[in-house]
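Structure, as structure tokens:
This is a predicted model, so every value here is computed, not measured. In what follows, every heavy atom counts, from backbone to side chain, and hydrogens, waters and symmetry copies are set aside.
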Amino acid sequence: MSHTILLVQPNPRPDTRTYSDYESLNECLEGICKIYEEHLKRLNPDCPSITYDISQLFDFVDQLTDLSCLVFQKNLGTYVPHNKDWLKEKIYIMLRKQAGR
């Protein structure tokens, strides 16, 4: 359980910057998926069920101006920053594990 802060900037305007904090990295990764799912719901309000694949999720992540996170490292006593590519790798691993259940 590593406290994680997610930093999101959907477009170049500085006033679109937001952050969310999570009790664990896994919760943060699920939060990123939820952000994308909410985006899809806004684009398809009349669709009762929305499906997507990981490449669509990663395209969404790539089009964000910024997406990064800070993960607390207990042994260092500080937060360590991670970028989009690191997050995509962790999302891939998480989703692969979920699919294997």
Side-chain angles (χ1 to χ4, degrees):
M1 296 278 283
S2 297
H3 184 256
T4 303
I5 301 169
L6 179 66
L7 307 169
V8 182
Q9 185 176 352
N11 63 54
R13 292 191 349 258
D15 64 335
T16 64
R17 292 178 185 148
T18 60
Y19 76 92
S20 304
D21 68 314
Y22 300 90
E23 291 303 313
S24 69
L25 174 60
N26 226 43
E27 284 182 20
C28 176
L29 300 175
E30 290 172 0
I32 294 169
C33 294
K34 187 169 176 71
I35 289 169
Y36 180 56
E37 290 163 6
E38 293 299 322
H39 170 74
L40 290 176
K41 286 179 187 175
R42 283 192 302 278
L43 292 178
N44 305 285
D46 299 327
C47 238
S49 173
I50 296 174
T51 59
Y52 61 92
D53 66 39
I54 197 163
S55 66
Q56 293 167 308
L57 172 61
F58 287 175
D59 287 345
F60 172 76
V61 166
D62 287 337
Q63 65 90 25
L64 296 172
T65 298
D66 188 29
L67 181 73
S68 55
C69 72
L70 302 167
V71 180
F72 186 73
Q73 296 296 311
K74 196 175 208 171
N75 61 328
L76 300 174
T78 189
Y79 286 86
V80 177
H82 298 286
N83 63 16
K84 284 182 191 180
D85 290 334
W86 186 88
L87 283 165
K88 290 192 305 188
E89 179 184 337
K90 295 300 181 187
I91 289 169
Y92 176 79
I93 292 166
M94 177 191 73
L95 293 176
R96 192 176 70 205
K97 283 180 184 173
Q98 287 177 355
R101 288 185 192 164

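Under a hydrophobic clustering in which Ile, Leu, Val, Met, Phe, Trp and Tyr are joined whenever their side-chain heavy atoms come within less than 4.5 Å, directly or via other members, Y19 and I35 fall into different clusters. Residues W86 and L29 share a single hydrophobic cluster, defined by chaining ILVMFWY side chains whose heavy atoms lie under 4.5 Å apart. In the hydrophobic clustering of this structure, L67 groups with M94; members are Ile, Leu, Val, Met, Phe, Trp, Tyr whose side-chain heavy atoms approach within less than 4.5 Å, directly or through other members. The hydrophobic clustering, which links ILVMFWY residues whose side-chain heavy atoms are closer than 4.5 Å, places I5 and V80 apart. Cluster annotation: L6 is not connected to L70 through the hydrophobic network of ILVMFWY side chains, with a link wherever side-chain heavy atoms come within less than 4.5 Å.
Taking all atoms of both residues into account, the shortest heavy-atom contact from Y52 to Q56 is CA-OE1, 3.1 Å. The two residues F58 and I91 have their closest heavy-atom pair at CE2-CG2, 4.0 Å. The nearest pair of heavy atoms linking Q9 to P12 is NE2-O, 3.2 Å. Minimum interatomic distance between P10 and T16 (heavy atoms only, all atoms of both residues): CD-O, 3.2 Å.
Ion pairing between D62 and K88 holds under the 4.0 Å rule for side-chain N and carboxylate O. E38 has a carboxylate O that lies under 4.0 Å from a charged side-chain N of K41, or vice versa, which qualifies the two as a salt bridge.
Atom-to-atom distance recorded for Y36:OH and D59:CG is 7.5 Å, nearest 0.5 angstrom. A distance of 13.5 Å separates CG of L95 from NZ of K90, quoted to the nearest 0.5 Å. Considering OG of S49 and CG of N44, their distance stands at 11.0 Å, rounded to 0.5 Å. Summarising the geometry, atom CG belonging to D66 is positioned 11.5 Å from atom CG belonging to N11; distances are rounded to the nearest 0.5 Å. Interatomic distance, CD of Q98 versus SG of C33, reported as 7.5 Å (0.5 Å rounding). L25 contributes atom CG, which lies 10.0 Å from atom CD of E30 (distance to the nearest 0.5 angstrom).
With hydrogens and angles disregarded, a donor-acceptor distance shorter than 3.5 Å links the side chain of K84 to the backbone of L64. The main-chain N or O of Y92 is never found under 3.5 Å from a side-chain atom of E89 such that the two would form a donor-acceptor pair. In this structure, T4 contributes its side chain and S2 its backbone to a donor-acceptor pair below 3.5 Å.
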Assess whether side chain to side chain contact (heavy atoms under 4.5 Å, CB included) is satisfied between V61 and I32, documenting all intermediate values.
CA-CA 9 Å; V61 166; I32 294 169; 4.3 Å; yes
As a quick check of understanding, evaluate side chain to side chain contact (heavy atoms under 4.5 Å, CB included) for F60 and L40, giving each step before the final call.
CA-CA 10 Å; F60 172 76; L40 290 176; over 6 Å; no
When you look at D53 and S55, which way does the side chain to side chain donor-acceptor pair (under 3.5 Å) test go after all the steps?
CA-CA 6 Å; D53 66 39; S55 66; 2.5 Å; yes
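Ring geometry, H3 versus Y79: the interplanar angle exceeds 60°, so the pair is classed perpendicular (tilted spans 30 to 60°).
For the pair V71 and H82, the minimum side-chain heavy-atom distance is below 4.5 Å.
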